Amino acid sequence: MPPSCRILAAAAALLLCLLAPARAQETVSVIRVVSPAWDTFTNADGTGLYFDLLDAVFRGLHGIEIEHQFVPSLRATHLVRENEADMMLCKARVDPPLVMARVPMYENAYAVFFDSRSIEPWKGRESMTGRSVVWRIGYYDERYIPEGMQTKEVKTGVSALGMVVLGRADFYLDDPVLIRESIDRSGLTFDQQRFRIEPVGFRSYHPVLAPTARGRAIMDLYDQGMLTLAAAGALDAIYAKWGHPVPNFGGYAPPPSASR
């Protein structure tokens with residue numbers, strides 16, 4: 001048996017023991033997943049980091065099928081809230097009653113895109129105070145920025161980028177990967193040497209589920225599966241494939257069995 005198969009077999013055996021109570025309460029054969037299309041995470045062709053992680057956890061360990069639908073972020077959250085989908089990929093925070101899985105799929109800095117001529121010298125978050133910032137609807141809120149800033153939400157990263165390029169906002173706030181995606185998709189002609197992308201914070205991104213018996217069962221399968229595969233070294237190649245850092249899985253303890 002190849003080494004990779006032995007790793008998955010051992011992980012599956014351990015996981016079956018850990019999750020016997022959850023599986024007894026709720027049988028899951030298909031998981032309905034929703035998300036926007038994000039380059040390298042949820043590519044429009046069905047490839048990406050998040051899809052590979054779901055395959056490793058659900059198909060690889062349990063033989064559970066995944067059905068995926070591409071929808072905007074707000075729509076995806078609504079579908080999970082209304083129990084029309086099981087899982088939304090992926091958010092840094094959600095409002096009740098929705099809940100996030102304990103273990104993240106992705107950890108990274110969030111950053112701002114800005115015109116370096118108007119903000120010089122750059123002093124980090126200190127340079128943002130009293131200025132204007134724009135982000136995509138539902139992606140951020142005032143907790144991620146210094147106090148006293150003017151804020152605006154728009155539908156797309158391209159719109160946010162355009163507001164900064166055209167001088168209608170000082171900063172576009174987003175994940176650095178998504179800022180670069182917005183630049184590539186914008187079609188705008190501008191001197192990119194004038195603009196900078198600088199990190200201003202750090203956060204983790206987690207699957208979103210409903211607080212139902214089914215949602216809790218799927219969350220248990222996901223959380224324990226990710227931790228088991230991470231401990232077996234089975235996730236490193238997936239993250240390397242897509243050029244993203246491996247989260248610090250050691251910082252996420254398994255949920256107590258008595259909590260559910």
Side-chain angles (χ1 to χ4, degrees), residues 35-45 47-50 70-76 89-93 104-206 239-248:
S35 78
W38 291 313
D39 284 352
T40 75
F41 297 98
T42 51
N43 294 323
D45 64 2
T47 65
L49 174 66
Y50 292 167
F70 289 108
V71 295
S73 183
L74 287 179
R75 175 63 176 163
L89 307 175
C90 261
K91 293 181 75 71
R93 58 170 292 272
M105 284 187 162
Y106 179 60
E107 290 181 335
N108 198 27
Y110 58 93
V112 287
F113 170 87
F114 62 94
D115 187 338
S116 60
R117 298 184 309 173
S118 62
I119 304 171
E120 186 64 37
W122 170 248
K123 298 181 180 179
R125 291 172 66 91
E126 177 185 342
S127 297
M128 298 176 66
T129 303
R131 295 181 179 269
S132 60
V133 61
V134 60
W135 57 70
R136 289 183 285 177
I137 296 172
Y139 279 58
Y140 295 88
D141 59 44
E142 283 76 5
R143 288 175 290 182
Y144 295 101
I145 59 174
E147 293 184 3
M149 295 191 69
Q150 304 168 40
T151 65
K152 183 177 179 61
E153 292 186 316
V154 294
K155 289 184 178 181
T156 69
V158 171
S159 296
L161 180 93
M163 290 185 67
V164 175
V165 171
L166 297 175
R168 297 172 184 167
D170 294 311
F171 297 99
Y172 159 34
L173 183 72
D174 213 338
D175 184 291
V177 173
L178 300 183
I179 292 176
R180 294 185 183 94
E181 176 185 310
S182 296
I183 293 172
D184 293 339
R185 292 182 175 181
S186 70
L188 293 173
T189 300
F190 63 96
D191 181 5
Q192 295 190 23
Q193 299 301 315
R194 275 177 37 195
F195 294 84
R196 295 172 60 176
I197 300 173
E198 294 288 348
V200 292
F202 186 87
R203 67 180 187 173
S204 56
Y205 298 80
H206 305 245
Y239 282 91
K241 172 183 175 181
W242 295 105
H244 294 302
V246 179
N248 178 25

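Predicted model only: the values in this text are computed from it and were never measured. Only heavy atoms go into these numbers, but all of them, side chains included; no hydrogens, no water, no symmetry mates.
Counting heavy atoms from C-beta on, the side chains of I183 and F195 never come closer than 4.5 Å. Between F171 and E198 the shortest side-chain heavy-atom distance does not fall below 4.5 Å. H244 has its side chain within reach of V177: a pair of non-hydrogen atoms, C-beta onward, lies under 4.5 Å apart. Side-chain contact between R168 and K152 is absent, with no heavy-atom pair separated by less than 4.5 Å. K91 has its side chain within reach of S73: a pair of non-hydrogen atoms, C-beta onward, lies under 4.5 Å apart. In this structure, the side chains of F113 and V134 stay at 4.5 Å or more apart for every pair of heavy atoms. Residues R180 and D39 have side chains not in contact (no heavy-atom distance under 4.5 Å, counting atoms from C-beta outward). Using a 4.5 Å heavy-atom cutoff, the side chains of Y172 and I179 are in contact.
Without hydrogens or angle criteria, D170 side chain to V133 main chain gives no donor-acceptor distance under 3.5 Å. Remark: the backbone N or O of V158 is not paired with any side-chain donor or acceptor of S186 at under 3.5 angstrom. A donor-acceptor contact shorter than 3.5 Å is absent between the side chain of T47 and the backbone of N43.
The structure places CD of E107 at 6.0 Å from CG of N248, a figure rounded to the nearest 0.5 Å. One finds the CE atom of M149 at 8.5 Å from the CG atom of L173 (value rounded to the nearest 0.5 Å). In this structure, CZ in R131 is found 10.5 Å from CD in Q150, a value given to the nearest 0.5 Å. Going from atom CG of L166 over to atom CG of L188 covers 6.5 Å, rounded to the nearest 0.5 Å. With rounding to the nearest 0.5 angstrom, the CG atom of L161 is 11.0 Å from the CZ atom of R136.
Minimum heavy-atom separation, P247 to M105: CG-O, 4.0 Å. S132 approaches A169 most closely through the heavy-atom pair OG-CA, 3.4 Å. Between P121 and S127, the closest heavy-atom pair is O-OG, 3.7 Å. Between E153 and I137 the shortest heavy-atom distance is CB-CG1, 3.7 Å.
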For this session: Take S35 and Y50 through the test side chain to side chain contact (heavy atoms under 4.5 Å, CB included) and record every step on the way to the result.
Result: CA-CA 10 Å; S35 78; Y50 292 167; over 6 Å; no
For this session: Take L49 and T40 through the test side chain to side chain contact (heavy atoms under 4.5 Å, CB included) and record every step on the way to the result.
Result: CA-CA 6 Å; L49 174 66; T40 75; 6.0 Å; no
Problem set entry | side chain to side chain contact (heavy atoms under 4.5 Å, CB included) between F70 and R75, intermediate numbers included | CA-CA 10 Å; F70 289 108; R75 175 63 176 163; over 6 Å; no
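Here Y144 and W135 keep their ring centres 6.0 angstrom or further from each other.
More than 12 heavy atoms of other residues, nucleotides or ligands lie within 6.0 Å of CZ in R194, so this atom counts as buried by the packing criterion. In the displayed structure, E120 atom CD is contacted under 6.0 Å by more than 12 heavy atoms of other residues, nucleotides or ligands.
Each of W38, Y106, Y139, Y110 was scored for a ring pair (Phe, Tyr, Trp, His ring centres under 6.0 Å) with Y205, with one residue passing: Y106.
Residues passing the salt bridge (Lys or Arg N to Asp or Glu O under 4.0 Å) test with E181, sequence neighbours excluded: R185. Every side chain to side chain contact (heavy atoms under 4.5 Å, CB included) that S159 has, sequence neighbours left out, goes to V154, T156. With sequence neighbours excluded, the residues forming a salt bridge (Lys or Arg N to Asp or Glu O under 4.0 Å) with K241 are D52, listed by chain and number.
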